[in-house]
There are 2 protein chains.
Amino acid sequence: MTIGELARRSGLTQSRIRFYESIGLLKTVERRPNGYRIYPPEAVVLLDLIATAQTAGFSLDEIRALLPGDLDHWDHEALVGALRRKVAEIEALEARLRQSKTQIMALIGEIEARPGDIDCAANARRVLSRMFDEVKKNPTLAADDVRRRGTAGRRSARTG
Amino acid sequence: MTIGELARRSGLTQSRIRFYESIGLLKTVERRPNGYRIYPPEAVVLLDLIATAQTAGFSLDEIRALLPGDLDHWDHEALVGALRRKVAEIEALEARLRQSKTQIMALIGEIEARPGDIDCAANARRVLSRMFDEVKKNPTLAADDVRRRGTAGRRSARTG
DNA sequence: CTTGACCCTAAAGTTAGCTTTAACGTTAGG
DNA sequence: CCTAACGTTAAAGCTAACTTTAGGGTCAAG
């Protein structure tokens, strides 16, 4: 099948498929005499697999390291090891998110539990000082993870 | 104080402080006749605050939108609203991570629960097909979040 | 008067994972 | 023969949050 058809069937863009080939994630495919790429049906499975692995949190580098040349011959050891490490990573991230959440909620509490009068400046200082106290007890927070990600991933565009 | 001293006291690099000024996150500060920036002591608090907010998952754009011109005069409404939205974001991310984790663990189970004989190819196909079944029931996974983040953030370098 | 520690700016580089652009060849249909 | 829809490439652009580089001024000590 052509790259356009593969794109349609896999849900990935053509540019993305070519990009994967360019970084060596996909091996170079056969060409028709005119230069057009021709893909075997298994390519759909492979692309689905890659997309799925990404969804599970694997980088393209990690995926490349785990993908066997032949889809039927996996390195079970390496694969299961990588999966376990990924679970551990996710758990670490979960812990950090719990921390962040707890602290933000505590901060909301601080702000809302201000004295009845509107002593804004004093309240600000009080809240700030408590914030730093809390955070400095716990310098190993999430950060980069909560940020950046517009709720929808980049997995959306489809060229024709 | 000079930018070098501010850097030392806040734990941020000089380049980062200048960068924050360049994007309008910090307002332009006073200069000595020779062009050197001079910062008031409160600058340390402000930078700590920014770093803390980042740690909690706020982007620089979000922080800029929330920071009052005067540290003593916050827009409580906007601030609490943003904090609540951030908590919601974190919870959404937590849900997706739980999903990913569950699926990876299921996958590990699939791989390890293969028939006693070493029918590798058949097992591969079986595992792959189950994977796609699971994932396609649930197309709204994490992904971009688990990935990219080398366990330690970029918050580490210190220039002199 | 030189050395070293400090400061300045503008611009380019980094990372990941793509997309977009530009410029061009191919193919099927009317 | 023209047009629309496909395919090709290399290279540049995008995002966020910085860092690095290049080139140059300032300042205190010895």
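- The CZ-C1' distance, from A:Arg32 to C:dT27, rounds to 9 Å in whole Å.
- Nucleic acid contact for B:Arg37: sugar-phosphate only, since backbone atoms but no base atoms lie under 4.0 Å from a heavy atom of the residue.
- Atom pair A:Asn34:CG and D:dT8:C1' shows a separation of 9 Å (rounding to whole Å applied).
- In this entry the distance linking CD1 of A:Ile63 with P of C:dC18 reads 9 Å, nearest Å.
- Annotation: A:Glu77, atom CD; neighbour count of heavy atoms from other residues, nucleotides and ligands within 6.0 Å does not exceed 12.
- As rounded to whole Å, 10 Å separates atom P of D:dT8 from atom CD1 of A:Ile17.
- With C:dT20, D:dG7, C:dG17 as the candidates, the nucleotide lying closest to the side chain of A:Gln54 is C:dG17.
- No hydrogens or angles were tested; on distance alone, nothing pairs the side chain of A:Tyr20 with the base of C:dG17 as donor and acceptor under 3.5 Å.
- The listed nucleotides are D:dG7, C:dC18, D:dT19; the one nearest the side chain of B:Phe19 is D:dT19.
- Remark: B:Glu30 CD is loosely packed, at most 12 non-hydrogen atoms of other residues, nucleotides or ligands lying under 6.0 Å away.
- Ranking D:dG25, C:dC18, D:dG7 by closeness to the A:Arg18 side chain, first place goes to D:dG7.
- Counting non-hydrogen atoms under 4.0 angstrom, A:Ile3 reaches the backbone sugars and phosphates but no base.
- Of the listed nucleotides (C:dG17, D:dA17, D:dT20), C:dG17 has the atom at the smallest distance from the side chain of A:Leu60.
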